[in-house]
Amino acid sequence: MGTNNTSTAGASARREYERRQASDEAKIRETWGDGRIGTIAAALSGERQSTVAWKSGAVGEAEVGRALDAIASEHVVVLHDRRVPRSRANIDHFVVTRAGVWVVDAKHYRDKRPRLHVEGGLFRPRSEKLIVGSDRTKLVESVLRQVALVRDVVGPVDVHGTLCFVDADWPLFGSSFTVRGVEVCWPKRLAKQLAALEGTVDVAAVAAAIAAHFLPA
């Protein structure tokens, strides 16, 4: 069964990038016209950061998707770019294995180092934060919300959350880590870890339930 090819990793992010790119150019041409001056103005204006972010996101999702597709088999089903019902949000990747379901959120943070920051301890509540240049704990909270949605669909099957960073500045001898139960890692490590898992989950049935509830974005 392996990979479901009805949705491509990063497809919806790339569509949004292209839509925003076209919208940005249209606004420039409203001011400068469709002629030579408008063409020059569009070329010189550059892309807005908010538009570029969608392109970067699509690249990150595609790279993570390739790593996961490489381990797809009858015991590992990979689903990409699935829409959350009644929402504009999407889930980047699902990996269904014999040990459970992994919800994978791909992030493209070039040359920035993910790290765990812990506050509190013996005399005050322990608090875990994800730092990637600055406080990115909201990314962890987003994955936890996605995990909760998936648990509602698959019932007793274990569901895990992962933030997978592409092009990050991982230390040479570093390791992945967890923040509030969400694993933070890189594509090759994630793929190797998931490929080695064993268990008793009915992979085909669980993947079918997820695919029916979370449609291609």
Side-chain angles (χ1 to χ4, degrees), residues 1-14 17 52-82 90-117 128-133 136-137 139-140 142-144 146-147 150 157-199 201 203 206-207 210 214 217:
M1 187 173 174
T3 302
N4 185 321
N5 292 317
T6 59
S7 192
T8 304
S12 62
R14 179 159 292 278
Y17 162 69
V52 173
W54 284 95
K55 181 180 180 180
S56 177
V59 170
E61 289 179 37
E63 182 164 336
V64 174
R66 285 192 293 271
L68 297 176
D69 285 344
I71 64 169
S73 69
E74 64 177 316
H75 300 303
V76 178
V77 173
V78 181
L79 302 171
H80 302 300
D81 206 9
R82 314 298 287 201
N90 74 300
I91 294 178
D92 293 345
H93 315 278
F94 288 98
V95 185
V96 184
T97 77
R98 287 178 289 185
V101 178
W102 268 255
V103 176
V104 182
D105 195 358
K107 296 298 176 186
H108 193 188
Y109 281 46
R110 182 178 293 277
D111 298 330
K112 293 184 178 181
R113 177 167 296 184
R115 62 184 180 87
L116 170 65
H117 178 72
E128 296 183 350
K129 294 182 179 180
L130 172 63
I131 306 298
V132 193
R136 305 289 182 178
T137 310
L139 300 179
V140 176
S142 177
V143 172
L144 289 173
Q146 294 178 1
V147 166
V150 178
V157 176
D158 288 339
V159 182
H160 310 268
T162 300
L163 277 164
C164 195
F165 283 88
V166 174
D167 290 336
D169 177 29
W170 291 99
L172 185 61
F173 299 105
S175 179
S176 61
F177 56 90
T178 61
V179 182
R180 301 185 187 178
V182 173
E183 184 174 12
V184 181
C185 63
W186 56 96
K188 287 185 179 179
R189 179 177 177 83
L190 177 62
K192 182 178 180 180
Q193 171 188 322
L194 296 183
L197 295 174
E198 298 290 342
V201 169
V203 172
V206 171
I210 291 173
F214 300 95

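Numbering starts at 1 and runs along the sequence shown.
Atom-to-atom distance recorded for Leu194:CG and Thr162:OG1 is 7.0 Å, nearest 0.5 angstrom. In this structure, His93 NE2 and Asp105 CG are separated by 8.0 Å, a value rounded to the nearest 0.5 Å. Interatomic distance, NE2 of His80 versus CG of Asp69, reported as 3.5 Å (0.5 Å rounding).
With Arg110 contributing its side chain and Asp167 its backbone, the two residues share no donor-acceptor pair below 3.5 Å. Under a 3.5 Å cut-off, the side chain of Glu61 and the backbone N or O of Ala106 do not form any donor-acceptor pair.
Side chains of Pro114 and Trp186 form no contact here, defined as non-hydrogen atoms less than 4.5 Å apart. Counting heavy atoms from C-beta on, the side chains of Leu68 and Trp102 never come closer than 4.5 Å. You'll find the side chain of Val104 stays beyond 4.5 Å of the side chain of Phe94, heavy atoms only. Between Val59 and Val166, the closest side-chain pair of non-hydrogen atoms is not below 4.5 Å.
The two atoms that bring Cys164 and Val64 nearest to each other are SG-CG2, 3.9 Å, heavy atoms only. Contact between Ser176 and Arg189 at its shortest, heavy atoms only, is OG-NE, 2.7 Å. The two residues Val140 and Val182 make their nearest non-hydrogen contact at CG1-CG2, 3.9 Å. Contact detail for Val203 and Val76: the closest heavy-atom pair is CG1-N, 4.5 Å. Between Arg98 and Leu197 the shortest heavy-atom distance is NH2-O, 4.2 Å. Minimum heavy-atom separation, Leu190 to Cys185: CB-SG, 3.7 Å.
By the 30° and 60° cut-offs, the orientation of the rings of Phe165 relative to Trp170 is perpendicular.
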Point to revise | Candidate pair His117 and Thr137, rule side-chain contact (heavy atoms from CB on, under 4.5 Å), full reasoning | key: CA-CA 10 Å; His117 178 72; Thr137 310; over 6 Å; no

